[in-house]
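All figures in this text were calculated on a predicted structure; none of them were measured in a lab. A note on names: the letters A, B, ... follow the listed sequences, proteins ahead of strands, and every chain is numbered from 1.
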Amino acid sequence: MPRLNDQVQELLQEYADLINITGGDAFRARAYEKAARAVGGHPEDVAGLDVKGLQQIPGVGKSTAEKVAEYTATGRITALETLRAKIPSGVREMMAVPSVGPKRALALYRDLGIASVDELADAIRSDKLSEVAGFGERSGEKILHGIELMRQSGGRTLLDTATELAEQIVAALSDVPGCTRCAYAGSLRRMRETVGDIDVLATAADSEPLMAALTELPYVAEVIASGPTKTSVLTDQGVQVDLRVVPEEDWGAALVYFTGSKAHNIKLRTMAVRAGLKLSEYGLFEVDGDAKNGGAKGGGAKGGGAKAAAKAAKATKGDGTKVVSATEEEVYAALDLPWIAPPLREDRGEIEAALRGELPDLVQESDLRGDLHTHTDLTDGLASLEEMIDTAAARGYSYFAVTDHAPDLVMQRMTDEKMLAQREQLHRLADRHKKLRLLHGTELNIGPDGGVDWPPEFLAGFDLCVASVHSHFNLDRAAQTHRLVRACENPYVHVIGHLTTRRIGRRGPIDVDLDAVFAAAARTGTAIEINSSPQRLDLRDEDILRAKRHGARFSIDSDAHATPHLAYPRFGVGTAQRAWLTTEDVVNTWTWQRLKHFLRKDALR
DNA sequence: GCCGTTTTCGGCCCGACTGTTTTCAGTCG
């Protein structure tokens, strides 16, 4: 189950949406939206707070506090139930389609009775949309395109939700008596940007108590299938979880098998066959009789060692003798391979690299020495400068940049004076954290022509500037490329933030010649951000690989807008690992001395 | 509904873009 704060955030947001759809007071709706974000970003668990305590959260007043308290006490919010009864849930779900907001969702429901995304797509295809005032041909096309975008990531769960759920399930199952090992596998373990379902693997002599424990979890809504080796359930958030229980001696083979990817496994199985072995979900087997004249024959002590251990047990499934494979290392060793980190297991050359002994020494979350892109409540963040800095210090960073929005993002109402006052405040706070070097930065807006918010003399006052695209997403490819190349060429721009501006399942990437931008970044010494927000994960792993080939460097940042978001870099690091990055590629793993040098861009001035 | 260097009422993120309009509504960041 997600953190209670996240559940409450979702419910308050739903309440705000329903107020909007039903034509309620827009300011009231906005108050609930703000309260939703405030609760979601609040570091303390709301479960432990009473009405008084809840009201201490900025943006939460008496009315919201009472609703939250009602939810923690009873598991429901009466006022929300009342609104839900008036509007089918599918109407609100239509708001997830880009360019469909509350007004259009209501109009579609009221005039055509459309109450789901599927019905909406059907209505467009059968040309019914023009019957509703305000909808023309272009609207239909745009909405249909938006629906397709949603479906591409359709049914997939974002990394933060999936990770949290998987960790809770693993913790719960690990406590079941008789469970000797438990971990999650699948695409989540490989740190793919979204996850279709969650695969959990466990070992136990008797699988029954584990299967029962899974189906009895409070947030399991439906049991899809349940047998002695596999149980599948659906959570109340609609995420499918598959649990498999295997004998202890098969743990390694099973973990390899269920971690995937499919392509990686196929290649491993091919190698196994050549080595006279067979790898399947039931374990690693030595094929009886012949087939000992394959690749592993000359293959060194490790393979031989594992085979020696094979004398252990006779197989129950498969044709040959089961090879004990209690760990992944043993399985890989049987194939004369070193252990391969899950994020690399995509058959993108990792097996060949492993054979050559050239696997990269992947960057780890613990290698990060700082965060170079964060926000405070001076703009659209939730936490104060002090709170953000204190949390960063607690993470053990040695440097930390505060980069609030610049004035061209008009809604943030930034001014020179506010920025300079924040700098003063930051300098005063420097005394509090002797071990943490504080950097005063900003997140600039890259204009349609590639210009940024402030003139050089003002930019020179910052320790660090991130520059990002926040508008004009529809420029043509040449214009998008030009603006981003120009931003790289700006001697005061150190990091290009969320380069493609995509939001997973919500908005596609801008149309840009990535190779041209990567080349410009490498040439000018501008780092490219790996934005770790689970909604963005921008750049994608395959684009990072391309950028690395151009010689670009990267900054793995949280883009935190609240203190809990400062933990996001684990997802950015996962993405970086999928792109084979090492600490050499990631500037915020470097010492301050080295980073300082990188930030100079002297040659361009 | 929330909040207060404008303090218990009266404001509340503001401008651009898009597609449908012929003067604007809805959506988005």
Side-chain angles (χ1 to χ4, degrees), chain A residues 12-13 15-39 51 54-68 77 79-80 83 92 94-108 110-111 124 129-146 149 375 377-382 404-415 417-418 421 443-448 453 468-476 479 497-498 501-503 506-508 510 531 533 535-536 538 559 561:
Chain A
L12 292 176
Q13 180 62 51
Y15 193 60
D17 287 344
L18 290 174
I19 291 171
N20 274 323
I21 292 172
T22 53
D25 177 19
F27 289 115
R28 200 170 146 250
R30 195 180 295 173
Y32 279 109
E33 281 173 19
K34 194 178 169 199
R37 280 197 308 276
V39 170
V51 173
L54 287 163
Q55 283 185 258
Q56 298 305 307
I57 303 172
V60 175
K62 186 160 175 285
S63 190
T64 307
E66 283 170 358
K67 288 184 177 68
V68 176
I77 300 173
L80 176 61
L83 278 185
R92 177 175 176 248
M94 290 195 286
M95 285 175 59
V97 178
S99 82
V100 178
K103 297 289 187 293
R104 303 183 100 183
L106 180 66
L108 291 163
R110 193 189 50 215
D111 295 357
I124 297 168
L129 217 60
S130 47
E131 295 169 23
V132 187
F135 288 86
E137 198 179 327
R138 297 275 298 137
S139 299
E141 283 172 26
K142 207 172 161 183
I143 292 171
L144 213 48
H145 178 256
L149 196 73
H375 299 273
D377 61 4
L378 183 63
T379 54
D380 56 350
L382 287 167
D404 271 314
H405 287 287
D408 288 357
L409 199 61
V410 190
M411 61 180 172
Q412 304 299 349
R413 295 173 150 184
M414 180 52 73
T415 62
E417 294 71 27
K418 281 160 87 171
E443 182 182 12
L444 299 165
N445 304 286
I446 304 174
D453 305 63
S468 316
V469 168
H470 291 113
S471 64
H472 302 86
F473 302 113
N474 291 326
L475 297 182
D476 66 37
H498 49 72
T501 77
R502 68 135 178 202
R503 295 185 80 101
R506 296 281 302 164
R507 181 175 68 209
I510 54 171
N531 189 294
S533 164
Q535 287 89 30
R536 290 189 185 269
D538 186 3
D559 196 359
H561 285 68

Which is true for [X] with a 4.0 Å heavy-atom rule: it touches a base, it touches only sugar-phosphate, or it touches nothing?
{"X": "Phe27(A)", "result": "base"}
{"X": "Thr64(A)", "result": "sugar-phosphate"}
{"X": "Lys142(A)", "result": "sugar-phosphate"}
{"X": "Glu137(A)", "result": "sugar-phosphate"}

| Which nucleotides of nucleotides 21-28 of chain B have their base under 4.0 Å from a protein heavy atom (B), which only their sugar-phosphate (S), and which neither (-), written as one string 5' to 3'? | -----SSS

Rounded [atom1] spacing from [N] to [M] in Å:
{"N": "dT22(B)", "M": "dG15(B)", "atom1": "C1'", "value": "22 Å"}
{"N": "dC12(B)", "M": "dC17(B)", "atom1": "P", "value": "23 Å"}
{"N": "dT27(B)", "M": "dT21(B)", "atom1": "C1'", "value": "16 Å"}
{"N": "dT18(B)", "M": "dC13(B)", "atom1": "P", "value": "25 Å"}

Phosphate oxygens OP1/OP2 of [N]: is one of them under 4.0 Å from a side-chain N or O of [X]?
{"X": "Arg30(A)", "N": "dC2(B)", "result": "no"}
{"X": "Ser139(A)", "N": "dT20(B)", "result": "yes"}
{"X": "Asn474(A)", "N": "dT18(B)", "result": "yes"}
{"X": "His472(A)", "N": "dC17(B)", "result": "yes"}

| task | Could you check which residues of residues 16-25 of chain A get a heavy atom under 4.0 Å from DNA chain B? Sort them by number, please. | result | Asp25(A)

| message | Could you check whether any side-chain heavy atom of Gln13(A) comes within less than 4.5 Å of a side-chain heavy atom of Glu33(A), counting everything from C-beta outward? | response | yes

| field | Validation row: His470(A), His498(A) side chains within 4.5 angstrom (heavy atoms) | value | yes

| said: Checking the side chain of Thr64(A) only, and the main-chain atoms of Val60(A) only, is there a donor and an acceptor separated by less than 3.5 Å? | reply: no

| message | Pick the closest DNA chain B nucleotide for His470(A) and for Arg28(A) by heavy atoms, then say which residue is nearer the 5' end. | response | Arg28(A)

| request: Taking only Lys NZ, Arg NE, NH1 and NH2, and the carboxylate oxygens of Asp or Glu, determine whether Arg138(A) and Glu141(A) approach each other closer than 4.0 Å. | output: yes

